[in-house]
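Nothing fancy with the numbering, it's 1 onward along the sequence. Whatever order the structure lists ligands and atoms in, that order sets their numbers, starting from 1.
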Amino acid sequence: MEDLRLDSLPGVGPVTTKKLSDAGIHNIMDLIVRGPVELSEISGMDKDTSANIVEKARQALVEGGLLAKDFVSATEIYKRRQEIGKITTGTECLDLLLDGGLETQGLTEIYGEFGSGKTQFCHTMCVTVQKPKEEGGLEGTVLYIDTENTFRPERIVSIAKAHGMDPEKTLDRIIVARAYNSAHQTLILEEASQMIRENNVKLLVVDSAVGLFRSEYLGRGTLSVRQQRLNKFVHLLVRIAETYNCAALATNQVMASPDVFFGDPTRPIGGNVVAHTSTYRIYLKKSGKKRIARMVDSPHHPEQEVIFGLGEAGVIDPDSETKKKTTKATKSKAEPEVKAEPETDSVDADAKIEDIPEDSE
Ligand code: GTP
Ligand code: MG
């Protein structure tokens with residue numbers, strides 16, 4: 001069980017192992033991450049055989065204690081949730097919004113218009129995740145999937161300096177993968193499992209998650225294909241975050257019409273990895289030089305907005321004392337388990353992956 005070798009599964013011999021590794025599946029965890037349908041597509045095995053192998057992998061992982069059982073007690077879910085790590089944003093205001101920081105075992109989507117600070121937020125998290133635990137980090141490394149060529153090591157250097165960290169060491173712990181098209185973007189993620197495990201990756205950034213899909217699939221006729229592929233990518237992201245207890249952070253630009261790519265965050269996302277899936281969406285808005293971040297329909301964060309700024313140190317606290325817009329912060333921090341009602345006047349809160357509107361570009 002230690003090394004999750006494929007040939008430790010009953011009935012999986014050298015021939016199957018070869019077939020699987022040719023298809024990019026190198027260990028038992030990969031089988032679970034891909035699932036039976038995809039396994040059959042990529043390996044050429046028939047559906048029954050694929051389902052059978054994935055089921056064996058699932059059983060082995062359950063026995064090894066690496067995967068939640070089908071029926072679990074609330075205590076066990078609670079225990080698994082205790083393992084969720086939080087990564088500080090380096091600011092009081094955004095940590096407040098996130099109830100401590102960016103969570104592992106989940107996907108957080110940052111969406112907003114150009115210049116709203118999505119990329120700056122990602123850069124900042126690349127630095128803070130490396131901090132020691134007592135300073136709010138996870139002492140982890142980063143995998144940064146850059147689809148827009150906007151990753152800037154210079155920004156990492158200045159953010160690291162502002163946080164009193166060694167810039168060179170900080171850069172060393174960020175692995176950047178430049179994705180050239182949406183298929184490549186997906187492939188990078190599919191091949192990432194081993195790298196994530198071996199390098200103690202605690203933060204997985206995709207900036208932007210949607211851009212390439214959007215530019216490649218234009219027009220109404222291609223919308224459903226785009227959705228399908230994008231769904232696959234997003235689900236893979238969630239499964240990796242759950243499996244490896246790392247935080248996934250994806251950005252999404254919105255223009256005139258919102259283009260948010262996943263739906264109900266309380267719905268368990270297809271797959272048999274863990275029972276609980278947490279998925280958050282944060283909407284960023286420009287407001288002069290300041291920025292506003294709003295938590296949108298999280299299962300256990302109060303719906304509220306905070307004001308933050310952008311600077312040398314990445315995302316920063318606003319210099320004024322108006323850290324929190326009191327008008328919106330109706331829920332108190334004392335009852336964080338209550339799901340806030342989505343605001344009906346919101347332009348973005350109700351968009352789902354199922355109903356991405358036609359693009360204006
Ligand atoms: P798109 O990717 O175009 O959708 O935008 P984005 O949301 O990723 O915006 P990004 O994070 O790139 O934010 C750009 C803004 O960050 C700029 O308008 C600047 O105000 C600010 N910014 C970027 N770098 C610095 C910096 O070094 N110092 C300061 N003070 N601000 C910066
Ligand atoms: Mg950007």
Side-chain angles (χ1 to χ4, degrees), residues 87 89-91 93-94 97-98 102 107-129 142-165 167 170-171 174 176-182 185 203-216 230 233 237 248-261 280-296 305-320 347-348 351 356-357 359-361:
I87 308 165
T89 62
T91 66
C93 56
L94 291 166
L97 185 77
L98 286 161
L102 201 66
L107 167 63
T108 302
E109 177 191 2
I110 304 282
Y111 67 107
E113 59 178 328
F114 69 94
S116 56
K118 303 181 294 294
T119 299
Q120 297 307 311
F121 183 81
C122 293
H123 278 65
T124 310
M125 297 312 300
C126 287
V127 174
T128 55
V129 69
V142 184
L143 173 59
Y144 197 109
I145 302 180
D146 181 12
T147 75
E148 302 190 319
N149 205 10
T150 51
F151 178 80
R152 292 288 174 275
E154 302 80 10
R155 292 295 296 130
I156 299 293
V157 168
S158 64
I159 295 168
K161 280 185 184 158
H163 282 266
M165 294 163 70
T170 308
L171 285 172
I174 303 170
V176 183
R178 172 91 170 93
Y180 294 97
N181 55 57
S182 65
Q185 178 181 332
L203 175 67
L204 185 52
V205 177
V206 193
D207 183 24
S208 125
V210 182
L212 291 172
F213 288 94
R214 179 157 39 197
S215 60
E216 287 166 31
L230 186 55
F233 178 79
L237 205 52
L249 178 60
T251 70
N252 186 2
Q253 200 191 54
V254 291
M255 274 159 284
S257 50
D259 203 4
V260 182
F261 59 80
Y280 308 119
R281 302 195 330 213
I282 296 168
Y283 177 49
L284 300 188
K285 246 186 324 212
K286 288 192 269 195
S287 168
K289 283 204 158 168
K290 294 272 180 291
R291 297 292 186 271
I292 299 168
R294 184 204 294 171
M295 176 63 71
V296 180
E305 292 186 353
V306 296
I307 296 174
F308 68 100
L310 296 168
E312 278 298 293
V315 295
I316 53 173
D317 279 310
D319 31 30
S320 66
V347 279
D348 306 287
I356 285 189
D359 293 321
S360 45
E361 84 267 50

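Between the NE2 atom in His163 and the OG1 atom in Thr170 there is a gap of 10.0 Å [rounded to 0.5 Å]. Taking OG1 of Thr128 as the reference point, atom CE of Met165 lies at 8.0 Å (rounded to 0.5 Å).
The shortest non-hydrogen separation linking Glu312 to Arg155 is O-NH1, 3.4 Å. Closest approach of Ala179 and Leu212 over heavy atoms only: O-CD1, 3.9 Å. Here the shortest heavy-atom pairing between Arg281 and Tyr111 reads CB-CE2, 4.0 Å. Nearest approach of Leu97 to Met295, heavy atoms of both residues: O-CE, 3.6 Å.
For atom 17 (C) of ligand 1, the nearest protein heavy atom (residue, atom name, distance) is Arg291 NH2, 4.7 Å. Atom 11 (O) of ligand 1 has as its closest protein heavy atom Gln120 N, 2.8 Å. Shortest contact from atom 12 (O) of ligand 1 to any protein heavy atom: Thr119 CB, 3.8 Å. Protein heavy atom nearest atom 3 (O) of ligand 1, with residue, atom name and distance: Phe114 CB, 3.5 Å. Summary of contacts: the protein heavy atom closest to atom 24 (N) of ligand 1 is Arg155 NE, 3.5 Å. Scanning the protein for heavy atoms near atom 21 (C) of ligand 1, the closest one is Leu310 CD1, 3.8 Å. Scanning the protein for heavy atoms near atom 30 (N) of ligand 1, the closest one is Gly311 CA, 3.3 Å.
For atom 26 (C) of ligand 1, a protein non-hydrogen atom is found at a distance below 4.0 Å.
Only one option out of Val296, Leu98, Leu94 pairs with Ile282 in a side chain to side chain contact (heavy atoms under 4.5 Å, CB included); it is Leu98.
Put simply, the side chain of Phe308 does not reach to within 4.5 Å of the side chain of Phe121, judged on heavy atoms.
Panel note: side chain Asp317, backbone Cys93; a donor-acceptor pair is recorded below 3.5 Å. At least one donor-acceptor pair under 3.5 Å links the side chain of Arg214 to the backbone N or O of Gln253. In this structure a side-chain-to-backbone donor-acceptor pair under 3.5 Å is present from Lys286 to Phe114.
Within the structure, ligand 1 lacks Gly112 among the residues with a heavy atom less than 4.0 angstrom away. In this structure, His123 does not count as a contact residue of ligand 1, since none of its heavy atoms falls inside 4.0 Å of the ligand.
Using a 30° and 60° split on the angle between ring planes, Tyr144 and His123 fall in the perpendicular class, above 60°.
Short contacts between ligand 1 and Glu113, defined as distances under 4.0 Å to a heavy atom of the residue, involve ligand atoms 7 (O). Set against the non-hydrogen atoms of Gln253, the atoms of ligand 1 under 4.0 Å away are 1 (P), 3 (O), 4 (O). The ligand atoms of ligand 1 that sit less than 4.0 angstrom from a heavy atom of Glu148 are 2 (O). The distance from ligand 1 to the heavy atoms of Glu312 drops below 4.0 Å at these ligand atoms: 27 (O), 28 (N).
By the 3.5 Å distance cut-off applied to N or O atoms, Gly117 is counted among the residues near ligand 1. Some N or O of Gly115 is nearer than 3.5 Å to an N or O of ligand 1, by distance alone.
Taking a cut-off of 2.8 Å, the protein N, O or S atoms nearer than that to the Mg ion (ligand 2) are Thr119 OG1.
Residue contacts with ligand 1, taken as heavy atom pairs separated by less than 4.0 Å, do not involve Lys289 at all.
For the residue pair Gln185 / Thr147, no side-chain donor-acceptor distance below 3.5 Å is found, with atom types taken as modelled.
Judged as a side-chain hydrogen bond (donor to acceptor under 3.5 Å, both in side chains), and not counting sequence neighbours, the contacts of Thr91 are Thr89.
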